[in-house]
Structure formats: structure tokens, C-alpha cells
Amino acid sequence: VQLQAYGGGLVQAGGFLRLSCAGTGRIFSSAVVGWFRQAPGKEREFVAAIRWGSGVRYYADSVRGRFTISRSSAENTAYLQMDSLNSEDAAIYYCAAGSEYGTTESAYKKWGQGTQVTVSS
């Protein structure tokens, strides 16, 4: 499967964005799709993940309650709804797929290109 992330942009603090991660090729029900982000000068960090088959969701503490991950099997696409954005959410966001859930990059074998999220104050 190949992944393509899109939907980033410029948003004011307190605003919202929805990112999409479209897969070309079947995403198997056993897969886990995750979102990571990387801000300038910082390491890439886990944001959220979803088990493709069951829909079980996982979140980093920093986004829980503000971000929602979801998926559409029919569209072969995962989504990240981001609400109440603040300056600390500004980063390049990446989606990735793997066969096991994890919060580290090594758990995911397929990566999409990043999409930039900029938050203005």
C-alpha cells in the first residue's frame, strides 16, 4: 500500500483542520494506521492511531480530547480531525501504516509524505 497525506494548511489558533491519508492498494483489516508529526527542531512524535479492522483508537496525551482519528474502509482513507488547534500543534504531519500498534516510528513500515499544518496566533 502507498499512502498520501493531505489537508494541511494555515489555521488560526482555536481553529480546526481535517487531514486525510489515502491509501492506494488495499489496507488490510489487520493493519494499524497512525499519524505522527514533526515540528522544526524536534523529533517526530506519535499523534494517533487506529486499528483498521476494529476501529480501536489510540491518542497521544497532548491531543486526546481535541483530535479524532477515523477511517473509511470504503474510501481506503484515514482521517485526523484536529480541533482547538494551538501553536504547539504546528508541524508536518505524516501518516503511516503497519501491522502492529505502536507509538514509535519503527512500528510502521509504510509512510506517506507529510502535510504541513501551520497555526497562527
Heavy atoms of Ile92 and Gly114 approach each other most closely as CG2-CA, 3.6 Å

Side chain proximity check, Tyr79 to Ile69, heavy atoms < 4.5 angstrom: no

Tell me whether Thr77 contacts the main-chain N or O of Glu75 through its side chain, where contact means a donor paired with an acceptor under 3.5 Å. yes

Show every side chain to side chain donor-acceptor pair (under 3.5 Å) that has at least one partner inside residues 111-121, sequence neighbours left out. none

Are the aromatic ring centres of Tyr58 and Phe46 under 6.0 angstrom apart? no

Counting C-beta onward and ignoring hydrogens, is there a side-chain heavy-atom pair between Ile50 and Trp35 closer than 4.5 Å? no

Donor-acceptor contact present, side-chain Arg51 to main-chain Val56, <3.5 Å: no

Applying salt bridge (Lys or Arg N to Asp or Glu O under 4.0 Å) as the test, list every pair that has at least one member in residues 92-110; sequence neighbours left out. Arg44-Glu105

With a 4.5 Å heavy-atom cut-off, do Arg57 and Thr68 have their side chains touching? yes

Between Tyr108 and Gly98, which heavy-atom pair has the shortest distance, and what is it? CD2-N, 3.7 Å

Locate the shortest heavy-atom distance separating Val32 from Ala49; write the atom from each residue and the value. CG1-CB, 4.0 Å

Side chain to side chain, Trp52 and Ser30, heavy atoms closer than 4.5 Å: no

Would you confirm whether Tyr101, through its side chain, and Val33, through its main-chain N or O, come within 3.5 Å as a donor-acceptor pair? no

Atom OG1 of Thr24 and atom CG of Leu3: how far apart are they, to the nearest 0.5 Å? 7.5 Å

Would you mind listing every side chain to side chain donor-acceptor pair (under 3.5 Å) that reaches into residues 81-95, with sequence neighbours excluded? Arg37-Asp89, Arg37-Tyr93, Arg66-Asp89, Gln81-Asp83

Report yes if some heavy atom in the side chain of Leu80 is under 4.5 Å from a heavy atom in the side chain of Phe67; otherwise report no. yes

Determine, using the 4.5 Å side-chain heavy-atom cutoff (strictly less than), whether Val11 and Val63 are members of one ILVMFWY cluster. yes

For the student: nearest non-hydrogen atoms of Ala39 and Ala90, plus distance: CB-O, 3.7 Å

Does Phe36 reach the side chain of Thr104, with side-chain heavy atoms less than 4.5 Å apart? no

